[in-house]
Amino acid sequence: MELNIALIKGDGIGPEIVESAVAVLEKTGARTGHTFHFTEYLAGGCAIDATGVPLPQETVDGCLASDSVLLGAVGGPKWDTLPGDIRPEKALLGLRSKLGLFTNLRPAKLYPALAGKCPLRADIVEQGFDLLMVRELTGGIYFGERGRREGPNGPEAYDTEAYSVMEIERIAHVAMAAAQKRRGSVISVDKANVLESSRLWRETVHRIAEQYEGVTVTDMLVDNTAQQLIRNPSQFDVIVTTNMFGDILSDEASQITGSIGMLPSASLGEGSRGMYEPIHGSAPRLTGTGRANPIATILSGAMMLRYSFNLGAEADIIEKAVDTALNDGCRTADLAPAGTEHTLNCTEMTKEILARI
Ligand code: IPM
Ligand code: MG
(Lines give C-alpha, C1' and ligand atoms only; values in the text may rest on other atoms or scores of the structure.)
(Ligands and ions follow the chains in the order given, each with its own letter.)
Protein backbone atom coordinates (compact mmCIF):
# COMPACT_ATOMS: atom_id res chain seq x y z
CA MET A 1 0.00 0.00 0.00
CA GLU A 2 0.99 3.60 -0.51
CA LEU A 3 -0.27 5.93 2.19
CA ASN A 4 -0.16 9.65 2.95
CA ILE A 5 0.39 10.58 6.56
CA ALA A 6 0.04 14.14 7.86
CA LEU A 7 2.66 14.82 10.53
CA ILE A 8 2.03 17.32 13.27
CA LYS A 9 5.15 17.42 15.38
CA GLY A 10 3.90 20.24 17.60
CA ASP A 11 5.79 21.63 20.57
CA GLY A 12 8.23 20.58 23.29
CA ILE A 13 9.29 16.96 22.89
CA GLY A 14 6.79 16.59 20.01
CA PRO A 15 9.38 16.78 17.19
CA GLU A 16 11.78 14.19 18.74
CA ILE A 17 9.12 11.60 19.50
CA VAL A 18 7.43 12.00 16.12
CA GLU A 19 10.77 11.50 14.37
CA SER A 20 11.20 8.26 16.30
CA ALA A 21 7.77 7.02 15.23
CA VAL A 22 8.45 7.99 11.60
CA ALA A 23 11.69 6.00 11.60
CA VAL A 24 9.85 2.98 12.99
CA LEU A 25 7.00 3.28 10.47
CA GLU A 26 9.47 3.65 7.59
CA LYS A 27 11.42 0.58 8.58
CA THR A 28 8.24 -1.45 9.10
CA GLY A 29 6.96 -0.29 5.71
CA ALA A 30 10.23 -1.20 4.00
CA ARG A 31 10.11 -4.66 5.61
CA THR A 32 6.52 -5.33 4.60
CA GLY A 33 6.22 -3.61 1.22
CA HIS A 34 4.33 -0.44 2.16
CA THR A 35 5.31 3.14 1.43
CA PHE A 36 4.41 5.99 3.72
CA HIS A 37 4.60 9.59 2.48
CA PHE A 38 4.88 12.12 5.29
CA THR A 39 3.84 15.78 5.01
CA GLU A 40 4.44 18.15 7.91
CA TYR A 41 1.88 20.65 9.17
CA LEU A 42 1.92 23.18 11.98
CA ALA A 43 -0.40 23.13 14.97
CA GLY A 44 -0.18 24.34 18.55
CA GLY A 45 2.33 26.81 19.94
CA CYS A 46 4.65 26.61 16.93
CA ALA A 47 1.68 27.50 14.70
CA ILE A 48 0.82 30.47 16.92
CA ASP A 49 4.41 31.69 16.59
CA ALA A 50 4.48 31.23 12.81
CA THR A 51 0.95 32.24 11.81
CA GLY A 52 -0.78 33.80 14.83
CA VAL A 53 -3.33 30.98 15.20
CA PRO A 54 -3.03 27.52 16.83
CA LEU A 55 -4.72 25.65 13.97
CA PRO A 56 -4.07 27.14 10.51
CA GLN A 57 -6.61 26.23 7.81
CA GLU A 58 -3.76 24.73 5.79
CA THR A 59 -3.26 22.16 8.56
CA VAL A 60 -6.94 21.22 8.65
CA ASP A 61 -7.01 20.90 4.84
CA GLY A 62 -3.79 18.86 4.83
CA CYS A 63 -5.15 16.47 7.46
CA LEU A 64 -8.44 16.10 5.59
CA ALA A 65 -6.49 15.25 2.43
CA SER A 66 -4.35 12.65 4.20
CA ASP A 67 -4.98 8.99 4.96
CA SER A 68 -4.17 9.58 8.62
CA VAL A 69 -2.56 11.98 11.06
CA LEU A 70 0.32 11.40 13.47
CA LEU A 71 0.66 14.02 16.18
CA GLY A 72 3.36 14.59 18.81
CA ALA A 73 2.13 17.03 21.44
CA VAL A 74 1.16 20.69 21.67
CA GLY A 75 1.52 23.42 24.29
CA GLY A 76 4.09 24.82 26.67
CA PRO A 77 4.67 27.56 29.23
CA LYS A 78 5.40 30.11 26.50
CA TRP A 79 1.75 30.10 25.42
CA ASP A 80 0.11 29.47 28.81
CA THR A 81 -1.07 33.01 29.36
CA LEU A 82 -2.86 33.40 26.01
CA PRO A 83 -6.67 33.65 26.06
CA GLY A 84 -8.65 30.37 25.73
CA ASP A 85 -9.47 30.59 22.04
CA ILE A 86 -5.87 30.95 20.86
CA ARG A 87 -4.20 28.51 23.23
CA PRO A 88 -2.24 25.61 21.65
CA GLU A 89 -4.74 23.09 23.11
CA LYS A 90 -7.37 24.69 20.90
CA ALA A 91 -5.57 23.07 17.94
CA LEU A 92 -6.15 19.60 19.35
CA LEU A 93 -9.81 20.24 20.07
CA GLY A 94 -10.24 21.83 16.62
CA LEU A 95 -8.62 18.88 14.86
CA ARG A 96 -10.73 16.38 16.78
CA SER A 97 -13.96 18.15 15.90
CA LYS A 98 -13.08 19.15 12.31
CA LEU A 99 -11.94 15.63 11.47
CA GLY A 100 -15.06 14.19 13.17
CA LEU A 101 -13.00 12.06 15.57
CA PHE A 102 -15.62 11.19 18.18
CA THR A 103 -13.86 8.06 19.47
CA ASN A 104 -10.69 8.02 21.49
CA LEU A 105 -9.14 4.65 22.20
CA ARG A 106 -6.61 4.55 25.02
CA PRO A 107 -5.28 1.08 25.80
CA ALA A 108 -3.45 0.70 29.10
CA LYS A 109 -1.73 -2.49 30.11
CA LEU A 110 0.95 -3.57 32.48
CA TYR A 111 4.06 -4.82 30.70
CA PRO A 112 5.54 -7.59 32.87
CA ALA A 113 8.99 -6.06 32.27
CA LEU A 114 7.80 -2.80 33.87
CA ALA A 115 5.99 -4.36 36.84
CA GLY A 116 8.62 -2.83 39.13
CA LYS A 117 7.53 0.67 38.05
CA CYS A 118 3.87 0.09 38.90
CA PRO A 119 3.04 2.05 42.07
CA LEU A 120 0.43 -0.50 43.20
CA ARG A 121 0.76 -3.17 45.91
CA ALA A 122 2.60 -6.35 44.88
CA ASP A 123 -0.48 -8.60 45.07
CA ILE A 124 -2.37 -6.23 42.73
CA VAL A 125 0.57 -6.00 40.32
CA GLU A 126 0.67 -9.78 40.20
CA GLN A 127 -2.88 -9.84 38.80
CA GLY A 128 -1.77 -7.59 35.92
CA PHE A 129 -4.24 -5.60 33.85
CA ASP A 130 -5.05 -4.92 30.22
CA LEU A 131 -7.81 -2.42 29.62
CA LEU A 132 -9.13 -0.28 26.80
CA MET A 133 -10.52 3.13 27.61
CA VAL A 134 -13.09 4.26 25.04
CA ARG A 135 -13.44 7.98 25.56
CA GLU A 136 -16.06 10.08 23.77
CA LEU A 137 -14.04 12.86 22.16
CA THR A 138 -16.15 15.52 20.45
CA GLY A 139 -18.98 16.15 22.89
CA GLY A 140 -19.71 16.84 26.54
CA ILE A 141 -18.34 19.70 28.58
CA TYR A 142 -15.36 20.17 26.24
CA PHE A 143 -17.64 21.39 23.49
CA GLY A 144 -20.71 22.60 25.43
CA GLU A 145 -21.83 26.15 25.84
CA ARG A 146 -19.51 28.18 28.03
CA GLY A 147 -19.01 31.74 29.03
CA ARG A 148 -18.90 34.43 31.66
CA ARG A 149 -21.92 36.22 33.03
CA GLU A 150 -23.29 38.17 35.93
CA GLY A 151 -24.73 35.79 38.53
CA PRO A 152 -26.57 36.30 41.83
CA ASN A 153 -23.21 36.54 43.62
CA GLY A 154 -21.48 38.69 41.03
CA PRO A 155 -19.41 37.63 38.03
CA GLU A 156 -19.37 33.88 37.31
CA ALA A 157 -18.26 31.43 34.61
CA TYR A 158 -20.03 28.34 33.31
CA ASP A 159 -19.33 25.26 31.15
CA THR A 160 -22.08 22.90 30.06
CA GLU A 161 -22.15 19.11 29.85
CA ALA A 162 -24.57 18.09 27.09
CA TYR A 163 -24.88 14.75 25.27
CA SER A 164 -27.29 13.85 22.51
CA VAL A 165 -28.68 10.33 22.14
CA MET A 166 -26.88 10.11 18.79
CA GLU A 167 -23.51 10.94 20.35
CA ILE A 168 -23.96 8.35 23.09
CA GLU A 169 -25.21 5.69 20.68
CA ARG A 170 -22.25 5.93 18.35
CA ILE A 171 -19.62 5.73 21.09
CA ALA A 172 -21.54 2.87 22.73
CA HIS A 173 -21.41 0.94 19.44
CA VAL A 174 -17.62 1.38 19.33
CA ALA A 175 -17.25 0.12 22.91
CA MET A 176 -19.49 -2.92 22.40
CA ALA A 177 -17.74 -3.90 19.17
CA ALA A 178 -14.36 -3.54 20.87
CA ALA A 179 -15.49 -5.70 23.79
CA GLN A 180 -16.70 -8.43 21.43
CA LYS A 181 -13.13 -8.69 20.12
CA ARG A 182 -11.69 -8.67 23.65
CA ARG A 183 -13.06 -10.25 26.84
CA GLY A 184 -16.70 -9.23 26.35
CA SER A 185 -17.03 -6.85 29.29
CA VAL A 186 -17.89 -3.15 29.16
CA ILE A 187 -17.92 -0.92 32.22
CA SER A 188 -19.80 2.26 31.46
CA VAL A 189 -18.68 5.14 33.65
CA ASP A 190 -20.97 8.03 34.54
CA LYS A 191 -22.26 10.15 37.40
CA ALA A 192 -25.90 9.14 37.05
CA ASN A 193 -26.61 9.75 40.74
CA VAL A 194 -26.21 13.48 40.05
CA LEU A 195 -26.15 14.36 36.34
CA GLU A 196 -29.09 14.19 33.94
CA SER A 197 -26.70 13.77 30.99
CA SER A 198 -25.34 10.67 32.78
CA ARG A 199 -28.83 9.22 33.19
CA LEU A 200 -29.36 9.55 29.44
CA TRP A 201 -25.89 8.07 28.92
CA ARG A 202 -26.72 5.05 31.06
CA GLU A 203 -30.07 4.22 29.46
CA THR A 204 -28.68 4.69 25.94
CA VAL A 205 -25.61 2.52 26.53
CA HIS A 206 -27.80 -0.32 27.83
CA ARG A 207 -30.17 -0.06 24.87
CA ILE A 208 -27.26 -0.34 22.41
CA ALA A 209 -25.74 -3.22 24.39
CA GLU A 210 -28.79 -5.37 23.67
CA GLN A 211 -27.62 -5.60 20.07
CA TYR A 212 -24.32 -7.20 21.05
CA GLU A 213 -24.33 -10.82 21.92
CA GLY A 214 -21.81 -11.98 24.47
CA VAL A 215 -21.13 -8.49 25.84
CA THR A 216 -22.03 -7.61 29.42
CA VAL A 217 -22.40 -3.98 30.51
CA THR A 218 -21.95 -2.84 34.08
CA ASP A 219 -22.43 0.75 35.24
CA MET A 220 -19.88 2.32 37.53
CA LEU A 221 -19.93 5.80 39.01
CA VAL A 222 -16.88 7.83 38.10
CA ASP A 223 -15.73 8.40 41.69
CA ASN A 224 -15.90 4.67 42.37
CA THR A 225 -14.07 3.99 39.10
CA ALA A 226 -11.22 6.22 40.27
CA GLN A 227 -10.91 3.95 43.33
CA GLN A 228 -11.35 0.69 41.49
CA LEU A 229 -8.54 1.50 39.03
CA ILE A 230 -6.18 1.52 41.99
CA ARG A 231 -7.83 -1.25 44.02
CA ASN A 232 -8.31 -3.82 41.31
CA PRO A 233 -7.46 -2.75 37.76
CA SER A 234 -7.65 -6.34 36.50
CA GLN A 235 -11.47 -6.17 36.67
CA PHE A 236 -11.56 -3.82 33.65
CA ASP A 237 -11.75 -4.89 30.03
CA VAL A 238 -13.41 -2.04 28.08
CA ILE A 239 -14.32 1.21 29.83
CA VAL A 240 -16.65 3.57 27.96
CA THR A 241 -17.11 7.09 29.21
CA THR A 242 -17.57 10.77 28.47
CA ASN A 243 -14.97 13.20 27.20
CA MET A 244 -14.11 14.70 30.59
CA PHE A 245 -14.26 11.53 32.69
CA GLY A 246 -12.18 9.74 30.04
CA ASP A 247 -9.57 12.47 30.12
CA ILE A 248 -9.14 12.15 33.87
CA LEU A 249 -9.38 8.37 34.16
CA SER A 250 -6.95 7.75 31.30
CA ASP A 251 -4.24 9.74 33.07
CA GLU A 252 -4.91 7.67 36.18
CA ALA A 253 -4.71 4.46 34.15
CA SER A 254 -1.41 5.59 32.64
CA GLN A 255 0.22 5.97 36.05
CA ILE A 256 -0.47 2.38 37.03
CA THR A 257 1.29 1.16 33.87
CA GLY A 258 4.44 2.66 35.33
CA SER A 259 4.86 5.67 33.05
CA ILE A 260 2.66 8.01 31.05
CA GLY A 261 5.40 7.72 28.43
CA MET A 262 4.01 4.31 27.44
CA LEU A 263 0.42 5.12 26.45
CA PRO A 264 -0.62 5.55 22.80
CA SER A 265 -4.01 6.66 21.56
CA ALA A 266 -6.17 6.54 18.47
CA SER A 267 -8.85 9.08 17.65
CA LEU A 268 -11.33 7.78 15.13
CA GLY A 269 -14.45 8.86 13.29
CA GLU A 270 -16.78 7.24 10.78
CA GLY A 271 -14.17 6.71 8.07
CA SER A 272 -10.75 5.12 8.17
CA ARG A 273 -8.81 8.35 8.75
CA GLY A 274 -7.72 8.77 12.34
CA MET A 275 -5.40 10.89 14.43
CA TYR A 276 -2.80 9.09 16.49
CA GLU A 277 -0.91 10.59 19.38
CA PRO A 278 0.67 9.70 22.71
CA ILE A 279 -1.62 10.53 25.63
CA HIS A 280 1.14 12.54 27.30
CA GLY A 281 1.83 16.19 26.64
CA SER A 282 4.73 18.22 25.29
CA ALA A 283 6.82 17.81 28.48
CA PRO A 284 8.56 21.21 28.29
CA ARG A 285 11.00 20.23 31.05
CA LEU A 286 12.30 17.28 29.02
CA THR A 287 12.61 19.16 25.75
CA GLY A 288 16.10 19.02 24.33
CA THR A 289 17.40 16.81 27.16
CA GLY A 290 16.97 13.56 25.20
CA ARG A 291 15.02 12.18 28.17
CA ALA A 292 11.73 11.83 26.26
CA ASN A 293 10.36 8.30 25.95
CA PRO A 294 9.36 7.69 22.30
CA ILE A 295 7.39 4.49 23.02
CA ALA A 296 3.90 6.02 23.33
CA THR A 297 4.30 7.70 19.93
CA ILE A 298 5.82 4.61 18.33
CA LEU A 299 2.88 2.56 19.63
CA SER A 300 0.50 5.23 18.30
CA GLY A 301 2.06 4.60 14.89
CA ALA A 302 1.28 0.90 15.34
CA MET A 303 -2.32 1.76 16.19
CA MET A 304 -2.51 3.79 12.95
CA LEU A 305 -1.44 0.75 10.96
CA ARG A 306 -4.02 -1.41 12.71
CA TYR A 307 -7.04 0.89 12.84
CA SER A 308 -6.70 3.15 9.80
CA PHE A 309 -4.85 0.97 7.32
CA ASN A 310 -6.01 -2.47 8.42
CA LEU A 311 -2.38 -3.59 8.68
CA GLY A 312 -2.70 -5.64 11.85
CA ALA A 313 0.26 -7.92 11.19
CA GLU A 314 2.49 -4.89 10.57
CA ALA A 315 1.25 -3.28 13.80
CA ASP A 316 2.11 -6.52 15.60
CA ILE A 317 5.69 -6.23 14.35
CA ILE A 318 6.07 -2.82 16.00
CA GLU A 319 4.37 -3.86 19.24
CA LYS A 320 6.50 -6.98 19.42
CA ALA A 321 9.68 -4.91 18.88
CA VAL A 322 8.72 -2.66 21.80
CA ASP A 323 7.92 -5.67 23.95
CA THR A 324 11.23 -7.34 23.15
CA ALA A 325 13.23 -4.17 23.76
CA LEU A 326 11.59 -3.84 27.19
CA ASN A 327 12.14 -7.52 27.98
CA ASP A 328 15.78 -7.10 26.96
CA GLY A 329 16.13 -4.38 29.58
CA CYS A 330 16.09 -1.26 27.37
CA ARG A 331 14.95 1.66 29.54
CA THR A 332 14.48 5.36 29.08
CA ALA A 333 14.82 7.40 32.28
CA ASP A 334 11.09 7.28 33.10
CA LEU A 335 11.10 3.47 32.89
CA ALA A 336 14.20 2.84 34.99
CA PRO A 337 14.26 2.29 38.74
CA ALA A 338 15.04 5.53 40.60
CA GLY A 339 18.77 6.16 40.79
CA THR A 340 19.66 4.10 37.70
CA GLU A 341 22.86 5.59 36.33
CA HIS A 342 22.66 4.54 32.73
CA THR A 343 19.45 4.97 30.79
CA LEU A 344 18.75 5.30 27.08
CA ASN A 345 17.91 8.63 25.54
CA CYS A 346 15.13 9.04 23.01
CA THR A 347 17.35 8.31 19.99
CA GLU A 348 18.99 5.30 21.64
CA MET A 349 15.65 3.74 22.62
CA THR A 350 14.41 4.28 19.06
CA LYS A 351 17.53 2.53 17.71
CA GLU A 352 16.92 -0.43 20.01
CA ILE A 353 13.34 -0.75 18.78
CA LEU A 354 14.41 -0.33 15.13
CA ALA A 355 16.96 -3.10 15.58
CA ARG A 356 14.13 -5.45 16.58
CA ILE A 357 11.95 -4.79 13.51
C1 IPM B 1 -5.63 14.73 26.33
C2 IPM B 1 -5.25 16.11 26.77
C3 IPM B 1 -6.17 17.10 26.09
C4 IPM B 1 -7.57 16.80 26.55
C5 IPM B 1 -5.81 18.58 26.35
C6 IPM B 1 -4.39 18.90 25.99
C7 IPM B 1 -6.76 19.51 25.64
O8 IPM B 1 -5.27 16.22 28.15
O9 IPM B 1 -5.59 14.45 25.12
O10 IPM B 1 -5.96 13.91 27.20
O11 IPM B 1 -7.99 17.26 27.62
O12 IPM B 1 -8.27 16.10 25.83
MG1 MG C 1 -5.61 14.39 29.15
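Each ligand, and each atom within it, is numbered from 1 in the order the structure gives. Computed from a predicted model, the values in this text were never measured in an experiment. Throughout, residue positions are numbered sequentially from 1 according to the sequence presented.
When non-hydrogen atoms are compared, ligand 1 lies under 4.0 Å from the side chain of Arg96 (C-beta onward) but not from its backbone. Contacts between Arg106 and ligand 1 below 4.0 angstrom, taking non-hydrogen atoms only, involve the side chain exclusively.
Within the 3.5 Å criterion, the main-chain N or O of Ser164 finds a donor-acceptor partner in the side chain of Glu167. Thr160 contributes a side-chain N or O that, together with a main-chain N or O of Glu145, makes up a donor-acceptor pair within less than 3.5 Å.
By the 4.0 Å heavy-atom criterion, Arg135 is counted among the residues contacting ligand 1. Ligand 1 has Leu92 within reach: a non-hydrogen atom of the residue lies less than 4.0 Å from it.
Asp190 has no carboxylate O lying under 4.0 Å from a charged side-chain N of Arg199, or vice versa, which leaves the two without a salt bridge.
Per residue Asp247, closest N, O or S atom to the Mg ion (ligand 2): atom name OD1.
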Evaluate Tyr276 against Ser308 for side chain to side chain donor-acceptor pair (under 3.5 Å), listing each step before the verdict. CA-CA 10 Å; Tyr276 298 82; Ser308 282; 2.6 Å; yes

Should Glu19 and Lys9 be marked as a salt bridge (Lys or Arg N to Asp or Glu O under 4.0 Å) after you check the CA-CA gap, both sets of side-chain angles, and the distance that decides it? CA-CA 8 Å; Glu19 269 155 40; Lys9 293 184 173 174; 3.0 Å; yes

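A donor-acceptor pair shorter than 3.5 Å can be found between the side chains of Asn104 and Ser267.
Inclusion of Glu277 in the set of residues having an N or O under 3.5 Å from an N or O of ligand 1 is not warranted. Any N or O atom pair closer than 3.5 Å counts here, and Tyr142 shares at least one such pair with ligand 1.
With respect to atom 8 (O) of ligand 1, the closest heavy atom belonging to the protein is Asp247 OD1, 3.2 Å.
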